[in-house]
Amino acid sequence: MRAMLLDRPGTPLRLAQLPVPSPAEGQILLAVQACGVCRTDLHLVDGELPDPVLPMVPGHEIVGTVAALGPGVQGLHIGQRVGVPWLGWTCGHCRYCRRGQENLCERARFTGYQLPGGYAEYTLADARYCFALPEEPAPEHLAPLLCAGLIGYRALRLAGDAQRLGLYGFGAAAHIIAQVARAQGREVFALTRPGDTASQEFARSLGAVWAGGSDETPPELLDAALIFAPAGSLVPTALQHVDKGCCVVCAGIHMSDIPSFPYAWLWGERQLRSVANLTRRDGAEFFELAARTPLHTEVHCFALEQANEALEQLRRGAFQGAAVLRI
């Protein structure tokens, strides 16, 4: 099979010919249809994630069909369309797993980081951590839901019932969650890179009541702010824009250092919290919600061999929405 491999951080992925793997106990073999290109993949390639397994096939927004079942797999069948997310395995025994916080598992393993991912024609996955997907829409439109959608949903859930919602960074996750928030009757305020009028117009087209640069002040105090951009400098900014008793949620797996700021900006029972990965419960809830809430994913498709180009365009912010490898 063809696969794109990361040999070491700081180098481009290379196209390789690898044997098609065979599923072990509890695993399935997937024929990959599409795989989203996520900012976390950039963090992996740039060496910003610690202790990756190398060489590695990146990619954790995988849509594929079941090509083979390993021993003991139940509830899935050959030819079924499934999705594989970032969280690929947990121990089930540590204190976090036992209390329903498997996203914090001390031994968790992640797709495209410690487990082979979806920048390939085939991949293996633990059947317990896969989600059954509908046959429609096209796989490239489903792929961004497997991380951008899921992490965005968890961030939104942690924001509670916030009515005025600020989204910092209007990329793959924000453009999905903006639609969910609008369907729930919330008001969306989009904050983009200063001067990025294209992203601001994109946000308005998806129902944002206001869009501007992150250096601007929203017209109203926010009930919650979700930060999707990996810029720690946005944290003090967002704290100044949320009302007392409200929260700022950092939704990225990696963020640059947060600069110091006056305690007065946090005071008033404002909360600052992070999102770590996701749980299978998040996935079940989100895909149930997606089934009854029409979501449009703006995607830009690339061939498998164009993975480096897709990553570079993502780095530059060269498109709206999400990049997807169509296998």
Side-chain angles (χ1 to χ4, degrees), residues 30 34-44 49 52 58-64 82-92 94-118 123 125-133 142-160 165 167 169 171-181 184 224 226-230 247-255 273-291 293 295 297 322 324:
L30 282 181
C35 185
V37 178
C38 179
R39 186 161 293 276
T40 303
D41 301 334
L42 267 183
H43 296 318
L44 173 70
L49 299 184
H60 57 273
E61 297 178 318
I62 307 169
V63 176
V82 299
V84 182
W86 170 244
L87 183 65
W89 182 90
T90 60
C91 73
C94 69
R95 63 186 183 277
Y96 302 111
C97 287
R98 291 198 306 270
R99 66 191 188 203
Q101 294 176 296
E102 64 181 8
N103 58 311
L104 304 179
C105 174
E106 294 174 321
R107 297 174 57 203
R109 302 178 74 189
F110 300 101
T111 310
Y113 176 31
Q114 292 140 342
L115 302 170
T123 194
D126 188 320
R128 300 170 300 167
Y129 293 83
C130 296
F131 299 111
L133 297 178
L142 286 170
L145 301 183
L146 270 301
C147 182
L150 286 172
I151 293 298
Y153 172 75
R154 185 169 180 83
L156 181 65
R157 187 162 67 80
L158 294 181
L165 191 70
L167 304 181
H175 98 284
I176 295 170
I177 289 311
Q179 297 173 67
V180 174
Q184 294 174 340
L226 310 184
I227 301 179
F228 295 108
C247 69
V248 173
V249 181
C250 302
I253 191 172
H254 172 83
M255 179 178 272
R273 63 186 308 172
S274 67
V275 170
N277 315 313
L278 66 134
T279 67
R280 285 172 286 179
R281 175 187 167 188
D282 293 326
E285 290 178 356
F286 175 68
F287 284 110
E288 180 181 342
L289 181 153
T293 305
L295 297 176
T297 50
V324 178

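The figures here come from the full heavy-atom set of this structure, side chains too, leaving out hydrogens, waters and symmetry mates. Just so you know, residue 1 is the first one in the sequence shown, and it goes up from there.
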Worksheet item: Going from CG on Leu278 to CG on Leu146, what distance comes out if it is rounded to the nearest 0.5 angstrom?
Response: 9.5 Å
Practice prompt. Would you confirm whether Ser274, through its side chain, and Cys250, through its main-chain N or O, come within 3.5 Å as a donor-acceptor pair?
Written response: no
Response to the item:
Here the gap from Gln101 atom CD to Cys97 atom SG, rounded to the nearest 0.5 Å, amounts to 9.5 Å
Fill in: Non-hydrogen atoms of Pro144 and Ala322 that approach each other most closely
CG-CB, 3.8 Å
Practice prompt. Compare all side-chain heavy atoms of Thr279 with those of Leu87 and state whether any distance is below 4.5 angstrom.
Written response: no
Fill in: Minimum side-chain heavy-atom gap Val82-Ile62 below 4.5 Å
no
Worksheet entry | Arg280 versus Arg128, closest heavy-atom pair with distance | CD-O, 3.2 Å
Discussion item. Any heavy-atom pair between the side chains of Arg39 and Ile253 that's under 4.5 Å?
Written reply: no
Worksheet entry | Heavy-atom donor-acceptor pair, Thr123 side chain to Pro116 backbone, under 3.5 Å | yes
Practice prompt. Look up atom CD in Glu102 and atom CG in Asp282, then write down how far apart they are to the nearest 0.5 Å.
Written response: 8.5 Å
Practice prompt. Taking the side chain as every heavy atom from C-beta outward, state whether Phe131 and Leu150 have any atom pair closer than 4.5 Å.
Written response: yes
Item to complete: Using atom types as modelled and distance alone, determine if a side-chain donor or acceptor of Tyr129 lies under 3.5 Å from a backbone N or O of Thr90.
Response: yes
Worksheet item: With side chains defined as the heavy atoms from C-beta onward, is the minimum distance between Leu165 and Leu156 less than 4.5 Å?
Response: yes
Worksheet entry | Minimum heavy-atom distance Cys130-Val84, with the two atoms named | SG-CG2, 4.0 Å
Practice prompt. Look at atom CZ of Arg157 and say whether more than 12 heavy atoms of other residues, nucleotides or ligands are closer to it than 6.0 Å.
Written response: yes
Fill in: side-chain contact (heavy atoms from CB on, under 4.5 Å) between His60 and Asp41, intermediate numbers included
CA-CA 8 Å; His60 57 273; Asp41 301 334; 3.3 Å; yes
Practice prompt. Rounded to the nearest 0.5 Å, what's the gap from CZ on Phe287 to CG on Leu142? Could you check?
Written response: 7.5 Å
Worksheet item: Roughly how far, to the nearest 0.5 Å, is CD1 of Ile151 from CG of Leu226?
Response: 12.0 Å
Worksheet item: Do the ring planes of Trp86 and Phe110 sit parallel (below 30°), tilted (30 to 60°) or perpendicular (above 60°)?
Response: parallel
Practice prompt. Quick one: closest heavy-atom pair of Ala143 and Gly36, and the distance?
Written response: CB-N, 3.7 Å
Response to the item:
Rounding to 0.5 Å, atoms CZ (Phe286) and CG (Leu145) come to a distance of 4.5 Å
Discussion item. Do Trp89 and Arg107 have side chains that approach each other closer than 4.5 Å (heavy atoms only, starting at C-beta)?
Written reply: yes
Discussion item. Walk me through whether Cys91 and Glu106 qualify under side-chain contact (heavy atoms from CB on, under 4.5 Å).
Written reply: CA-CA 8 Å; Cys91 73; Glu106 294 174 321; over 6 Å; no
Discussion item. Donor-acceptor pair, distance only, cut-off 3.5 Å: does the side chain of Asn103 make one with the backbone of Asn277?
Written reply: no
Worksheet item: If you take all heavy atoms of Cys105 and Tyr96, which pair is closest and at what distance?
Response: N-CB, 4.1 Å
Worksheet item: Mind checking whether Glu61 and Val37 have side chains closer than 4.5 Å, heavy atoms only?
Response: no
Item to complete: Taking the side chain as every heavy atom from C-beta outward, state whether Leu289 and Gln184 have any pair of such atoms under 4.5 Å apart.
Response: yes
Item to complete: Please report the closest heavy-atom contact between Leu30 and Gly64, naming both atoms and the distance.
Response: CD2-C, 4.0 Å
